[in-house]
Trainee: 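Below is one structure. I have some questions about it.
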2 protein chains.
Amino acid sequence: MSAIQGARERARTEVTAAIKSEARRQLAEQGAAKLSLRAVARELGMVSSALYRYFPSRDELLTALIIDAYDAVGAAAEGALTTHPGSDPVARWTAVCQAVRRWALAHPHEYALLYGSPVPGYSAPRDTVAPASRVGMALLTVAREARAAGLLRVPDAATWPPSVLADARTLADGLEMELPAPALAGLVAAWAQLFGLLNFELFGQFTNVVEAREEFFAVSVGTLARAAGLCSPEGIAAEDPDAPGYDTVPEDPQARDADAATEIARRFGQAGA
Amino acid sequence: MSAIQGARERARTEVTAAIKSEARRQLAEQGAAKLSLRAVARELGMVSSALYRYFPSRDELLTALIIDAYDAVGAAAEGALTTHPGSDPVARWTAVCQAVRRWALAHPHEYALLYGSPVPGYSAPRDTVAPASRVGMALLTVAREARAAGLLRVPDAATWPPSVLADARTLADGLEMELPAPALAGLVAAWAQLFGLLNFELFGQFTNVVEAREEFFAVSVGTLARAAGLCSPEGIAAEDPDAPGYDTVPEDPQARDADAATEIARRFGQAGA
DNA sequence: CAACAACGAGAGCAGTGCTCTTGCGATGAC
DNA sequence: GTCATCGCAAGAGCACTGCTCTCGTTGTTG
């Protein structure tokens, strides 16, 4: 693989790289749906059929791009871990989230390829799962460090039903990662919710709703971190007890107004499709 | 509009409906990318060019389907409000979320059209924003009721930066809805995060990670509700037995959950390339 | 009834993914 | 050094797609 393997193989890897590069360029410009094998070949000065020597189909080419993109966003997430050291898990979590967001904003079409709707013929091959997990692993790294530092608040096991806890345990086993199942379940939820925020921002759902995207995101992922059990070291610990998510005791159990139901029926009742 | 306006107009609306129906059928079967004007026309026994008398382009047809889908999921959400009355905002929030999830599982490709990556040429026209907001409005309705009942915990204004609070205020003004800005900001975040959970489940990110999807979702959206400030009335809800609703699956007329689950596995499934 | 607009059918254009055959040229065995 | 072999590019071609244009027909309306 690495040795100087004849001029022929070298040419092959070179052409393969050129194809991927040009394809990535078109992907970044017009999105996955408009990525055309013929256009790539045309731009490279070759004929379309020649391209099939390197990628057996358009989907395979797309898969290669997907893997690269997963690696790129994963690298961005991991990079945030090293460029933002420190002992505050919430800050580190936020740094990872913001790195992912920055990458997504810089590569919206590639982001859509990863976290948007699955493409028609796609069937996530084995090769994608490892790169795809890098962002999640980076987030879990923060949680593991927090636990080691005593800054991970593990929710009561009764928070999650046994089936979810079982999932979390098998997941932890598969990852060879020692995290309490309830905490892991909460982290998975936070992981998914993070991409809910990103999707809405990138796919336009925040239009005319949230304009201060950067600030909104920063605060939201901070809240997410605390909801997942991450704690900032000391000082702010005073505020931890009423951190959002868990033991909220309704403060003002004054009773019902309660013809709200009729109000809803009035407002929305006749709106059937 | 409604009067008997000539056989011609009636035929027109009839054909238009037939086209949308057949298009929706193909969309549900193969996804948006494989929706073909020619195939629709073929199935309807007409020639492809005739179809352009009714929809000026494929994108316009897709937009019509998008609007219908937004209305359908919005109606499902609103329906949950009426079929699940009561004074527990968390339970009502959860009911809305589960209605949305059920709809999504039953219509995965239409869901992907709404909340996946934007389609190539699309540019959400004005007509889509009203239907698109119905789910969010249903969630906000829960929050408004909660506030009226004193069951909405409003976070400290310092939680959010002024820019976000300003956004929330203009949003509240635009909606003519009296909700404190900090609470509204949190609700928007929860709204986005809800769809993060749904996207990950529907788009396959939970494969080999979360298998007890139903329970995981129920608990997660309950946590989300509390994070957004919704409170259950009185203290009883603290202890879990019937708490977040994962063992009380509400029966909706459109349920068919098990089928939907296998359905989606089949449609999005991993047919090895 | 006649003028007119809406409509369906068909041909056609430019583009797509993909397959198959053909011929060239570098590689490697003898 | 010669020559068969194999990788590769090129081209033609198939079955599609979205979309446009023209041309008769048909329902509506003045």
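Lettering of chains follows the sequences in order, A, B, ..., and the numbering in each one begins at 1.
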Trainee: Tell me, please, which residues at least two apart from A/Ala104 pass side chain to side chain contact (heavy atoms under 4.5 Å, CB included).
Mentor: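 For A/Ala104, the residues satisfying side chain to side chain contact (heavy atoms under 4.5 Å, CB included) (neighbours in sequence not counted) are A/Tyr111, A/Leu202.
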
Trainee: Does the side chain of B/Thr82 come within less than 4.5 Å of B/Glu78's, by heavy atoms?
Mentor: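 Result no, sub-4.5 Å side-chain heavy-atom pair not found.
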
Trainee: I'd like to check the salt bridge (charged side-chain N to carboxylate O under 4.0 Å, His left out) partners of A/Glu215; sequence neighbours left out, ordered by chain and number.
Mentor: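 For A/Glu215, no residue satisfies salt bridge (charged side-chain N to carboxylate O under 4.0 Å, His left out) once neighbours in sequence are set aside.
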
Trainee: So B/Trp93 and B/Leu139, do their side chains get closer than 4.5 Å, heavy atoms only?
Mentor: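 B/Leu139 vs B/Trp93: side chains touch.
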
Trainee: Roughly how many Å is it from CZ in B/Arg10 to C1' in C/dA6, rounded to a whole number?
Mentor: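 Answer to the nearest Å: 17 Å.
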
Trainee: Once you round it to whole Å, what is the distance between P of D/dA10 and CG of A/Leu44?
Mentor: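 It is 11 Å, rounded to the nearest whole Å.
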
Trainee: Could you identify which residues of residues 14-28 of chain A place a heavy atom less than 4.0 Å from some atom of DNA chain C, listed by residue number, or say none?
Mentor: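 Going residue by residue through residues 14-28 of chain A, none turns out to have a heavy atom under 4.0 Å of DNA chain C.
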
Trainee: For B/Phe55 and C/dA6, give me the distance from atom CZ to atom C1', rounded to whole Å.
Mentor: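 B/Phe55 atom CZ is separated from C/dA6 atom C1' by 17 Å.
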
Trainee: Sugar-phosphate atoms are those with a prime plus P, OP1 and OP2; base atoms are the rest. Using that split, label each nucleotide of nucleotides 13-24 of chain D B, S or - for protein heavy atoms under 4.0 Å, 5' to 3'.
Mentor: B---BBBBB---

Trainee: Are B/Arg213 and B/Glu211 close enough, and set up right, to give a salt bridge (charged side-chain N to carboxylate O under 4.0 Å, His left out), and what steps lead you there?
Mentor: CA-CA 5 Å; B/Arg213 312 264 161 90; B/Glu211 298 305 330; 3.5 Å; yes

Trainee: Show every salt bridge (Lys or Arg N to Asp or Glu O under 4.0 Å) that has at least one partner inside residues 14-28 of chain A, sequence neighbours left out.
Mentor: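 Listed once each, the pairs are A/Lys20-A/Asp68, A/Glu22-A/Arg25, A/Arg24-A/Asp68, A/Arg25-A/Glu29.
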
Trainee: B/Leu51 CG to C/dG10 C1': how many Å, rounded?
Mentor: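 Atom CG in B/Leu51 sits about 15 Å away from atom C1' in C/dG10.
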
Trainee: When you compare the side chain of B/Glu201 with that of B/Leu105, does any pair of heavy atoms fall below 4.5 Å?
Mentor: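 Contact flag for B/Leu105/B/Glu201 side chains = yes.
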
Trainee: State, with a plain yes or no, whether a side-chain heavy atom of A/Leu197 is found less than 4.5 Å away from one of A/Ser220.
Mentor: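 Answer yes - side chains close enough.
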
Trainee: Please round to the nearest 0.5 Å and tell me the distance separating atom CD of A/Glu110 and atom CG of A/Leu113.
Mentor: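 With rounding to 0.5 Å, CD (A/Glu110) is 7.5 Å from CG (A/Leu113).
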
Trainee: Any side-chain heavy atom of A/Val47 within less than 4.5 Å of one from A/Arg38?
Mentor: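 Answer no - side chains too far apart.
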
Trainee: Could you tell me, to 10°, how much the axis swings from one end of the helix from C/dC1-D/dG30 to C/dC30-D/dG1 to the other, five pairs per end?
Mentor: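 Overall, the helix from C/dC1-D/dG30 to C/dC30-D/dG1 bends by 0° from one end axis to the other.
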
Trainee: How close or far is atom C1' of C/dT27 from atom CZ of A/Arg12, stated in whole angstroms?
Mentor: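 It is 16 Å, rounded to the nearest whole Å.
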
Trainee: Mind checking whether A/Tyr115 and A/Tyr70 have parallel, tilted or perpendicular rings, split at 30° and 60°?
Mentor: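 The arrangement is perpendicular - the two ring planes meet at more than 60°.
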
Trainee: Establish, with yes or no, whether the OP1 or OP2 oxygen of C/dG8 is under 4.0 angstrom from a side-chain nitrogen or oxygen of B/Tyr54.
Mentor: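 Yes, within the criterion.
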
